[in-house]
Amino acid sequence: MALELFDSKSQELRVFKPLTAGHVEMYVCGPTVQSAPHLGHLRSALVYDVLKRWLEASDYTVTMVRNVTDIDDKVLVNAGVRDWREFAKEVEATFDDAYQKLNILEPTHKPHATEHIEDMVTLVQKLITLGHAYQAEDGSANVFFDTASWANYGELTNQKLENMEGETDASHGRKSPNDFALFKAHKPEEPETAAWKTPWGLARPGWHIECSAMAKHFLGESFDIHGGGLDLRFPHHENELAQSSAAGDRFANFWLHNALVTINGNKMSKSLGNGVSVEDLTKAGSWGAIRYWLLSAQYRSNLDYSESSIRDAQTALDRIVGFLNRTTNTGQVQIDMQHLPAEFKEAMDADLNVPGALAALHERVRAGNTAFDSKDEAKLSECVEQVKAMVHVLGLTFAYQEPLISEELTRQVEDLIQQRHDAKLAKDFARADQIRLELEELGVTLKDMKDVTMWSFNG
RNA sequence: GGUGGAGUGGCUGAGCGGCCCAAAGCAACAGCCUGCAAAGCUGUCAACCCACGGGUUCAAAUCCCGUCUCCACCUCCA
């Protein structure tokens, strides 16, 4: 079975076939570094991380670009009196930190908008030459895309120009309220560091042109997949598509849009201020649990957050981790498609049906536990290999590889466990129970197995 | 007004014409294990049936029509 992906431009499932055999190029819209990440940003990054992992597991090589929008109205506003560049770096670091803790792989390229102003100028000049862009009629350095000149405008979101509401504020030299900024003229109240010399005067780039220019810089005039959050479909991606195709590029072959994280049924967003922060999440469960939860709905379905979400995910993940811990001595995993069950592959190939893949994973865990208890070594070994491979593809490996506990504490805990064991042998149950209480106070969860006592911290 | 999407068990969430008398997880309950527990494991758990009303079909959660409710986008947002 071949991988099928839902292309939101043609609004249908299409069999995925890369433009170049064996190689996939993808561009994903990364964050505007205006404030710390919330669950929605993490979900988006994670969706494309899993896609990349699945493509690689399917024997493709993948070039992935995920940009950083480090110059934007909001960045300047939120920086306040501080140097906006320093502020942007700081926010970006909080994203990188969260990505890393979630085990999101580094993209091949991580370009910053401010590093590609030249590319943007070149692209805009071309658009002007071709008659699809113009400098503001008021003579300022504002440059706009001429939507009326591009008959396909609206093709991505199936909208007609006359139905669009357009910009409501002052025109700034626009011909039409639907025209969007390619470059924004420098404003006196903004720092000079946030302005670049362009053929039209001092200006900074608009948001949309950044992605078109960076995609072209790294991937050329056409590439396989463009991904991003559903809320970026319009205007951001519509405008990207208009710019790039008006400049003569074929641009993306597939458009993927991940659905949003909701809370009480409503979108989680910066502007609504209902974002759940990283601090809140890590109180409820580990990073592994957060990753597991974010994967628990198919990427085109909304994912609704509630208080118990992460906690429930932790329990589910612990089942998988517990199975591997009690049956395996090593955290080493080789990715081997041979070991992936057919149900898992079918689910992943069906537009990345990760919940279906997780179902296959849990089924193997149960079969493995049964084999373990009945001492069916052959069956057990098969299940372990399968589970390891699936866990690896989903990027959950780190959840059982991470030794978070210091050596000192480990020694202390193991010493107490030994004392308790001795007390139990001497049938001094009062002493054994007392030690059990001490361990609980340390935040240790005991697991008395047949011959040994296993334990985990806050588990 | 325009454009998309969604309504499935206590909760999360797959399935999108027959394999569905609806996956998986959580919760709940029971058993095993244990000195007793916890943890772990195993099992059980959707019967006027997949928002409601019609229709198509040999066959519908899945297709069509209508109704209701909800969400997203059309302004910055993953």
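Chain letters run A, B, ... following the sequence lines, proteins first and then strands; every chain starts at 1. Excluded from the calculations below are hydrogen atoms, water molecules and symmetry mates; all remaining heavy atoms, backbone and side chain alike, are included.
We find that NZ of Lys160(A) is positioned 14 Å from C1' of C74(B), with the value rounded to whole Å. Going from atom CG of Asp433(A) over to atom C1' of A37(B) covers 8 Å, rounded to whole Å. Asn158(A) has its CG atom 14 Å from the C1' atom of G5(B), to the nearest Å. Atom CZ in Arg300(A) sits about 12 Å away from atom P in G7(B), given to the nearest Å. With rounding to whole Å, Ile104(A) atom CD1 is found 14 Å from A78(B) atom P. Between Lys427(A) atom NZ and G35(B) atom C1' there is a gap of 7 Å when expressed in whole angstrom units. For the pair Arg431(A) CZ and A37(B) P, the interatomic distance rounds to 22 Å; values are reported in whole Å. One interatomic measurement links the two molecules: CZ of Phe234(A) to P of A78(B), which rounds to 17 Å at whole-angstrom precision.
The side chain of Lys267(A) lies closest to A78(B) when the candidates are A14(B), A78(B), C41(B). Of the candidates C73(B), G13(B), C76(B), the closest approach to any side-chain atom of Leu303(A) belongs to G13(B). In this structure, the nucleotide among A14(B), G25(B), C41(B) sitting nearest to the side chain of Asp373(A) is C41(B). Closest to the side chain of Thr370(A), from the set G13(B), U42(B), C74(B), is U42(B). Counting only heavy atoms from C-beta on, Ala316(A) has its side chain closest to G25(B) among G25(B), C36(B), A14(B). The nucleotide whose nearest atom lies closest to any side-chain atom of Thr32(A) is, among G25(B), A78(B), G13(B), A78(B). Taking the side chain of Asn163(A) as heavy atoms from C-beta on, and the options G2(B), G25(B), C41(B), the nearest nucleotide is G2(B). Counting only heavy atoms from C-beta on, His208(A) has its side chain closest to C76(B) among G4(B), C76(B), C74(B). Across G25(B), A78(B), A72(B), the shortest atom-to-atom separation from the side chain of Ser44(A) is found for A78(B). Ranking A27(B), A14(B), A37(B) by closeness to the Thr315(A) side chain, first place goes to A27(B).
If you find the closest nucleotide of RNA chain B to Asn239(A) and to Arg420(A), the one lying nearer the 5' end belongs to Arg420(A). With RNA chain B read from its 5' end, the first of the two nearest nucleotides for Tyr292(A) and Phe323(A) is the one closest to Tyr292(A).
Going from the C1' atom of A59(B) to that of G17(B) covers 8 Å, rounded to whole Å. Rounded to a whole angstrom, the distance from the C1' atom of A22(B) to that of C45(B) is 14 Å. For the C1' atom pair drawn from G9(B) and A61(B), the interatomic distance equals 14 Å after rounding to whole Å. Separation of the C1' atoms belonging to C50(B) and A60(B) is 11 Å when rounded to the nearest angstrom. Taking the C1' atoms as reference points, U34(B) lies 13 Å from C41(B), given to the whole Å. Here the separation of C21(B) from U67(B), taken at their C1' atoms, is 30 Å to the nearest Å. Of the C1' atoms belonging to G10(B) and C29(B), the separation is 13 Å, rounded to the nearest Å.
Heavy atoms of Gly322(A) sit nowhere under 4.0 angstrom from any nucleic acid atom. Contacts of His38(A) with the nucleic acid, taken as non-hydrogen atoms under 4.0 Å apart, include base atoms. Using a 4.0 Å heavy-atom cutoff across all strands shown, Gln298(A) reaches sugar-phosphate atoms only and no base atom. Counting any heavy atom pair closer than 4.0 Å across all strands shown, Ser308(A) reaches no nucleic acid atom. Among the atoms of the strands shown, only primed sugar atoms or phosphate atoms (P, OP1, OP2) are found under 4.0 Å from some heavy atom of Pro235(A). The residue Asp312(A) sits close only to the backbone: its heavy atoms come under 4.0 Å of sugar-phosphate atoms, none of a base. Across all strands shown, Val261(A) has heavy atoms under 4.0 Å from base atoms, whether or not it also approaches the sugar-phosphate. Using a 4.0 Å heavy-atom criterion, one finds that Arg366(A) contacts the sugar-phosphate atoms exclusively. As judged by a 4.0 angstrom heavy-atom cut-off over every strand, Thr157(A) is placed among residues touching the sugar-phosphate backbone only. Across all strands, Phe429(A) comes closer than 4.0 Å to base atoms (heavy-atom distances). If you check every strand for non-hydrogen atoms under 4.0 Å, Asn353(A) touches sugar and phosphate atoms only.
Ion pairing between Lys52(A) and Asp49(A) fails under the 4.0 Å rule for side-chain N and carboxylate O. Under a 4.0 Å N-O distance rule, the pair Arg366(A)/Glu363(A) does not qualify as a salt bridge. Salt bridge present: Arg14(A) and Asp7(A) bring a charged side-chain N and a carboxylate O closer than 4.0 Å. Here Asp96(A) does not pair with Lys101(A) in a salt bridge; the nearest charged N to carboxylate O distance is not below 4.0 Å. The residues Asp73(A) and Arg204(A) are annotated as salt-bridged, a charged nitrogen and a carboxylate oxygen being separated by less than 4.0 angstrom.
Here the CG-CZ distance, from Asp146(A) to Phe180(A), works out to 10.0 Å after rounding to the nearest 0.5 Å.
At a cut-off of 3.5 angstrom, the base of A37(B) holds at least one donor-acceptor pair with the side chain of Arg436(A). Judged by atom type and distance alone, Asn302(A) does not reach the base of G13(B) through any side-chain donor-acceptor pair under 3.5 Å.
A ring-centre distance under 6.0 Å is found for Phe251(A) and Phe223(A).
Of the N and O atoms on the side chains of Tyr153(A) and Asn239(A), at least one donor lies less than 3.5 Å from an acceptor on the other residue.
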